[in-house]
Enquirer: 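Here you go, one structure.
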Amino acid sequence: MPQYRSLNALEKALQNRLQKAMNVAAEKALADMYEQTGDFYTGGEPIMYERTGALGDTPKTTAVQSSGNNVSFKAYLDTAGGYSTGKNPSMLEVLKLTNDGSYPGLRSAKGKTGYWDRAKEQIIKDTEDTIKSFF
C-alpha cells in the first residue's frame, strides 16, 4: 500500500483513481445504452415501414470532466438527427415515440419500449459498482 507524505498527495492520488474509475464507468454507460437501444429492435418486425437503425446510433457520452473534487460524465441519447420518412419527425420525437410507445401525431413504432429507463438504471448500477471496485 502506498504511503503519502501529505494530505495533498493523498487527495491527488484519490482524484486520479476516481478519474480512472469514471472513465471505465463512461465506457460501461455507452455499452449499456447500446444494449438497451438495440433491444428496441427485438420487439418485433414492422410491416408498414422499414427500419433505418438510426436509434442505435444515438447513444453518446461526454469525456470525463474533473472540477475541484468532482469527476463526472454525461450519458445521453443524441437528438441531433432526424428522419426523412413519414412526417419527418425530429430525433427527439422519435426517441419519445420509441421509448414511450406513442407520441402525438406520429404512428406507432414496433419495438421494445422503455429502453431509456432500463439504460439509466443500468448506468447507475454499473457506475456504483465500478467506483466500488476501484476503492
Enquirer: Looking at N99 and Y115, what are the two nearest heavy atoms and their distance?
Expert: OD1-N, 3.0 Å
Enquirer: D100 side chain to S102 main-chain N or O, any donor-acceptor pair under 3.5 Å?
Expert: no
Enquirer: Minimum heavy-atom separation for M91 to T79, with atom names?
Expert: CB-O, 3.5 Å
Enquirer: Identify each donor-acceptor pair in which a side-chain atom of residues 66-76 lies under 3.5 Å from a protein atom, sequence neighbours left out, and give them as a table.
Expert:
| from | atom 1 | to | atom 2 | distance (Å) |
| --- | --- | --- | --- | --- |
| S66 | OG | Q19 | OE1 | 2.4 |

Enquirer: Check whether E27 reaches the backbone of V24 with its side chain - one donor and one acceptor, N or O, closer than 3.5 Å.
Expert: no
Enquirer: Quick check for you: to the nearest 0.5 Å, what is the distance between L55 atom CG and D78 atom CG?
Expert: 11.5 Å
Enquirer: For residues T113 and R118, report the shortest heavy-atom separation together with the two atoms involved.
Expert: O-NH1, 2.8 Å
Enquirer: Locate the shortest heavy-atom distance separating P89 from V94; write the atom from each residue and the value.
Expert: CG-CG2, 3.6 Å
Enquirer: Hydrophobic clustering (ILVMFWY, side-chain heavy atoms < 4.5 Å, transitive) - are M33 and L97 grouped together?
Expert: no
Enquirer: F135 and L14: side-chain contact (heavy atoms from CB on, under 4.5 Å), yes or no, with the steps?
Expert: CA-CA 9 Å; F135 294 96; L14 289 171; 3.8 Å; yes
Enquirer: Using every non-hydrogen atom in the two residues, find where K112 and D39 come nearest and quote the distance to one decimal.
Expert: CB-O, 3.4 Å
Enquirer: Working to the nearest 0.5 angstrom, can you tell me the gap between T61 OG1 and D32 CG?
Expert: 11.0 Å
Enquirer: Consider only side-chain heavy atoms of I, L, V, M, F, W and Y, link residues closer than 4.5 Å, and tell whether W116 and Y34 are in one cluster.
Expert: yes
Enquirer: Filter on side chain to side chain donor-acceptor pair (under 3.5 Å), then keep only pairs touching residues 119-135, sequence neighbours left out; what's left?
Expert: K28-T130, Q122-D126, K125-D129
Enquirer: For F134 and L18, what are the C-alpha separation, side-chain angles and deciding distance, and is it a side-chain contact (heavy atoms from CB on, under 4.5 Å)?
Expert: CA-CA 8 Å; F134 273 74; L18 182 57; over 6 Å; no
Enquirer: Look up atom CD1 in I123 and atom CD in Q36, then write down how far apart they are to the nearest 0.5 Å.
Expert: 9.0 Å
Enquirer: Are I131 and L10 joined in one hydrophobic group, where the rule is that I, L, V, M, F, W and Y side chains link up if heavy atoms are under 4.5 Å apart?
Expert: yes
Enquirer: Looking at NZ of K96 and OG1 of T98, how far apart are the two atoms once the value is rounded to the nearest 0.5 Å?
Expert: 11.5 Å
Enquirer: For the residue pair G56 and Y41, what are the closest heavy atoms and their distance?
Expert: N-OH, 3.5 Å
